[in-house]
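We use all heavy atoms of the structure for the numbers below, so side chains are in, but hydrogens, waters and symmetry mates are not. None of these values were measured; they are calculated from a predicted model.
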Amino acid sequence: MVNSPIMQMFARSPFQPIQEHIIKAQACAVELKAFLKAVCDDDWEKAEKVQKKISGLEQDADNMKHDIRQNLPSSIFLPVPRADLLELLRMQDKIANIAKNISDLILSRHMTLPEPMRESVCNFLDLALDTSQQAVKAMGELDELVTVGFRGREVQLVERLIKELDRLEHETDQQERQVRAQLFSLESELNPVDVMFLYRILEWIGDLSNRAQQVGSRLQILLAR
C-alpha cells in the first residue's frame, strides 16, 4: 500500500493536495524578494544561495504536480470535472516556474537593475506577490466550498476574494506599464542587450500576477458549475 504524503492527503481530501501545491508555488515566488535584494546589493554569493532555494522549491512544486496528476480521482468520484482541477493545477505551477525563470536569467547574466529603477521594480514585485498570495487565500476555501456544495455564503466569500484578486491583478498591470515606461526613458543610457533582458524580467514579474488571476478564473468556473 502506497503511503506517500500526497496519498495521505488524498485520503483526507481530494482537494487538499492542490491547496498545498499553490502554497508551495507561492513560497517559491516569495523568495524573489530576498533574491532581488541580494542582486541590488551586488551580493552574488547570497543571490546564488537564494536562487538554489528557489530552484529547490520549484522542483518540490513540480514533484507535487506530478503526484497529484497521477493520483487525482476520476471525475466520477469528484464533485467537479477532473479536467478543471488539472487546469487549475497547471496555472498554479506556472507561478513557481516563472519565479525560477526570473532567478535563473538574472543569475546567469549577473544582471543588475538600473539604480533609478530599483525601488519601483521591488514595489512592482511586491504587488505581483500580493496578487499571487490572494490566489492562495481564495484556493484555501476550496475544501469548504466542496463541503457546502458550492452554495450559500461560502460562495459569496470566494467571489469577494476573486474580485479582490482581479483588482490586484489590474493594479499590477498598471504598475508594470509605469515601470516599463521608466525603463524606456533609460534605454539610451543602457546596453541594448541588457535592456532586452530587463524587459523580459518585467514581463515575467507581471506574469506572476497574470497566472494568479488565471487561478482565480479557474476557481470561478468551478463556482459556476
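- Remark: the backbone N or O of Ser103 is not paired with any side-chain donor or acceptor of Gln51 at under 3.5 angstrom.
- The distance from atom CZ of Phe35 to atom SG of Cys40, rounded to the nearest 0.5 Å, is 10.0 Å.
- Residues meeting the salt bridge (charged side-chain N to carboxylate O under 4.0 Å, His left out) test with Glu189, sequence neighbours left out: none.
- A salt bridge links Lys100 to Asp104: at least one charged side-chain nitrogen sits closer than 4.0 Å to a carboxylate oxygen.
- Open room surrounds CZ on Phe184; 12 or fewer heavy atoms of other groups in view lie less than 6.0 Å from it.
- For the pair Arg118 (side chain) and Leu113 (backbone), a donor-acceptor distance under 3.5 Å is present.
- Between Lys65 and Asp62, at least one side-chain N (NZ, or NE/NH1/NH2) sits under 4.0 Å from a carboxylate O, which counts as a salt bridge.
- Shortest non-hydrogen contact noted between Ala138 and Leu219 is O-CD2, 3.7 Å.
- With sequence neighbours left out, the side chain to side chain contact (heavy atoms under 4.5 Å, CB included) criterion links Phe197 to Leu105, Arg109, Met111, Val193.
- Applying the ring pair (Phe, Tyr, Trp, His ring centres under 6.0 Å) test to residues at least two apart or on different chains, none of the pairs has a partner in residues 90-109.
- Counting heavy-atom neighbours within 6.0 Å of Glu187 CD, excluding the residue itself, gives a total above 12.
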Next item on the list: Test side-chain contact (heavy atoms from CB on, under 4.5 Å) on Ile205 and Val121 and set out the steps.
Entry: CA-CA 9 Å; Ile205 293 174; Val121 171; 4.2 Å; yes
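- Once rounded to the nearest 0.5 Å, the distance linking CZ of Arg180 with CD of Gln175 reads 14.0 Å.
- By the criterion of side-chain heavy atoms lying less than 4.5 angstrom apart, applied directly or through intervening Ile, Leu, Val, Met, Phe, Trp or Tyr residues, Val179 is grouped together with Ile98 in one hydrophobic cluster.
- Taking CG of Leu36 as the start and CD1 of Ile106 as the end, the distance is 5.0 Å to the nearest 0.5 Å.
- No side-chain donor-acceptor contact under 3.5 Å links Gln214 to the backbone of Leu88.
- Annotation: the span from Leu32 atom CG to Lys37 atom NZ amounts to 15.0 Å, rounded to 0.5 Å.
- In terms of heavy-atom proximity, Pro114 sits nearest to Leu186 at CB-CD1, 4.2 Å.
- Here the straight-line distance linking atom CD of Glu141 with atom CD1 of Ile162 works out to 10.5 Å at 0.5 Å rounding.
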Note to self: Walk me through whether Leu222 and Leu142 qualify under side-chain contact (heavy atoms from CB on, under 4.5 Å).
What the structure shows: CA-CA 10 Å; Leu222 297 182; Leu142 184 56; 4.3 Å; yes
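- Between the CE atom of Met117 and the SG atom of Cys122 there is a distance of 10.5 Å, given to the nearest 0.5 Å.
- In the model, Gln182 has a side-chain atom that pairs as donor or acceptor with a side-chain atom of Ser120 under 3.5 Å.
- Taking Glu87 as the reference, Arg90, Met91, Arg218 meet the side chain to side chain contact (heavy atoms under 4.5 Å, CB included) condition, with sequence neighbours excluded.
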Check: Can Asp93 and Leu89 be said to form a side-chain contact (heavy atoms from CB on, under 4.5 Å), step by step?
Finding: CA-CA 6 Å; Asp93 201 56; Leu89 180 66; 5.7 Å; no
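- For the residue pair Asp60/Asn63, the side-chain donor-acceptor check at 3.5 Å is not satisfied.
- Clustering of Ile, Leu, Val, Met, Phe, Trp and Tyr side chains at separations under 4.5 Å places Leu127 together with Leu168.
- Leu165 and Ile95 are members of different hydrophobic clusters when ILVMFWY side chains are connected at heavy-atom separations under 4.5 Å.
- Listed by chain and number, the residues in a side chain to side chain contact (heavy atoms under 4.5 Å, CB included) with Glu45 are Asp43, Lys49 (sequence neighbours excluded).
- Residue pairs meeting the ring pair (Phe, Tyr, Trp, His ring centres under 6.0 Å) criterion with at least one partner in residues 37-57, sequence neighbours excluded, are Trp44-His110.
- Proximity of a side-chain donor or acceptor of Gln213 to a complementary backbone N or O of Glu169 within less than 3.5 Å is not detected.
- In the hydrophobic cluster analysis, where Ile, Leu, Val, Met, Phe, Trp and Tyr join through side-chain heavy atoms closer than 4.5 angstrom, Ile23 is grouped apart from Val30.
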Notebook entry, point to check: Stepwise, does the salt bridge (Lys or Arg N to Asp or Glu O under 4.0 Å) test hold for Arg177 with Asp173?
Noted result: CA-CA 6 Å; Arg177 286 193 288 272; Asp173 275 352; 5.3 Å; no
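- Contact detail for Leu208 and Ala128: the closest heavy-atom pair is CB-CB, 4.3 Å.
- Listed by first and then second residue, the salt bridge (charged side-chain N to carboxylate O under 4.0 Å, His left out) pairs that reach into residues 26-35 are Glu31-Lys53, Lys33-Asp126, sequence neighbours excluded.
- Shown are Gln26, Gln16, Gln92; of these, the side chain to side chain donor-acceptor pair (under 3.5 Å) with His21 is made only by Gln92.
- In terms of heavy-atom proximity, Pro17 sits nearest to Met64 at O-CE, 4.2 Å.
- Residue pairs meeting the ring pair (Phe, Tyr, Trp, His ring centres under 6.0 Å) criterion with at least one partner in residues 157-182, sequence neighbours excluded, do not occur; the list is empty.
- In the hydrophobic cluster analysis, where Ile, Leu, Val, Met, Phe, Trp and Tyr join through side-chain heavy atoms closer than 4.5 angstrom, Ile201 is grouped together with Val50.
- Note on Leu85 and Ile22: same hydrophobic cluster, where clusters join Ile, Leu, Val, Met, Phe, Trp and Tyr whose side-chain heavy atoms are under 4.5 Å apart, directly or indirectly.
- In this structure, the salt bridge (charged side-chain N to carboxylate O under 4.0 Å, His left out) partners of Glu164, at least two apart in sequence or on a different chain, are Arg167.
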When the side chains of residues 154-161 are checked against the rest of the protein, which donor-acceptor pairs come out under 3.5 Å, sequence neighbours left out?
none

Next item on the list: Go through Leu190 and Leu183 one step at a time and tell me if the side-chain contact (heavy atoms from CB on, under 4.5 Å) criterion holds.
Entry: CA-CA 9 Å; Leu190 303 172; Leu183 177 55; 3.8 Å; yes
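- Residues forming a side chain to side chain contact (heavy atoms under 4.5 Å, CB included) with Ala96 (at least two apart in sequence, or on another chain): Ala25, Cys28, Glu58, Ala61.
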